[in-house]
Amino acid sequence: MTKETDRTENQQVISVWVRDPRMQKNDFWHAYIDYEICLHTDSVCFTKKISQVRRRYSEFVWLRRKLQANSLLMVHVPGLPPKNPFFSLNNARQITDRMKGLQKFLEQVLQNPLLLSDSCLHLFLQSQLSVPMIEACAAGRTHYSVVQAVQRCGLRRFHSEEDLHNNLKISCDSDSDSSEGRDPEHKIKDLEASSLDLIITSQEEEPSCLPRST
């Protein structure tokens, strides 16, 4: 699925795809579906012109609530496909319908200039940060900026997989309350995000349409 979501007088284009649903397992009993979000743009509002991240439905729910809160009710944030208590990970029709609804949501969000200026949206679309780290970065509680987090997306932050898991093991004893009950995958994402402090060596040039902090 692909859609050109915005074309300005200057012929700036923002195209977004939501595709490639995959089942992810936390353990034997718990699984979920996540989706790849691909963004292609020549808009000056974006730090990266091409990006790919994976997000799950619950993260879309968080994004919508955050956008609505940050806009101070000045705009109506588009709706998401409703949560289905009977949603099945093995039902291809339900997964496809949800995927289409998520893409429609993003298409409508990206057409709104006020929502487009929200730094949480940019981190959601163009970084691998987990929700708690997105909130921290957008609020200025990290040593790296929104632009730096986006620019460093996809870089290898540990020398080896063993280094990553060793650091994860050490960090588990000092997890904050917000990390309790979180699955290992999200803890790894949080740890990888915090390691940005160690690899950022220079200030990236800010884009012309700077995402606003919350």
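A quick note: this is a predicted structure, and the numbers were derived from the prediction, not measured.
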Exercise for the section: Flag the pair F124 / V53 as yes when at least one side-chain heavy-atom distance between them is below 4.5 Å, and no otherwise. Expected result: no

Practice task
Evaluate the criterion side chain to side chain donor-acceptor pair (under 3.5 Å) for residue pair E135 and W62; output intermediate values, then yes/no.
Solution key: CA-CA 11 Å; E135 292 181 331; W62 167 85; 2.8 Å; yes

Problem - side-chain contact (heavy atoms from CB on, under 4.5 Å) between L110 and L125, intermediate numbers included - result: CA-CA 11 Å; L110 292 172; L125 291 173; 3.9 Å; yes

Practice task
Determine whether Y35 and R55 make a side-chain contact, defined as any pair of heavy atoms from C-beta on separated by less than 4.5 Å.
Solution key: no

Practice task
Identify whether the distance between the nearest side-chain nitrogen and carboxylate oxygen of D118 and K66 falls below 4.0 Å.
Solution key: no

Practice task
Would you check if L102 and Y57 make a side-chain contact, meaning some heavy-atom pair closer than 4.5 Å?
Solution key: yes

Problem - Any D42 side-chain heavy atom under 4.5 Å of K49 side chain - result: no

Handout entry: Side chain to side chain, L39 and S15, heavy atoms closer than 4.5 Å
Key = no

Problem - Test: R22 and D34 ion pair at under 4.0 Å - result: no

Practice task
For T47 and Q151, run side-chain contact (heavy atoms from CB on, under 4.5 Å): C-alpha distance rounded to whole Å, both residues' side-chain angles, the deciding distance at 0.1 Å, then the answer.
Solution key: CA-CA 7 Å; T47 303; Q151 289 283 18; 3.3 Å; yes

Handout entry: side-chain contact (heavy atoms from CB on, under 4.5 Å) partner of Y32, chosen from Q24, M23, K25
Key = Q24

Completion exercise
CE of M99 to CG of D20, rounded to nearest 0.5 Å, is 8.5 Å

Handout entry: Axial cation check for Y144 ring with R152, 6.0 Å and 45° limits
Key = no

Practice task
Please determine if R98 forms a cation-pi arrangement with F87, meaning its NZ or CZ atom is less than 6.0 Å from the six-membered ring centre and no more than 45° off the ring axis.
Solution key: yes

Handout entry: Geometric class of the F46/H122 ring pair [parallel <30°, tilted 30-60°, perpendicular >60°]
Key = tilted

Practice task
Evaluate side-chain contact (heavy atoms from CB on, under 4.5 Å) for L116 paired with I14, printing each intermediate quantity in order.
Solution key: CA-CA 11 Å; L116 190 57; I14 306 173; 4.1 Å; yes

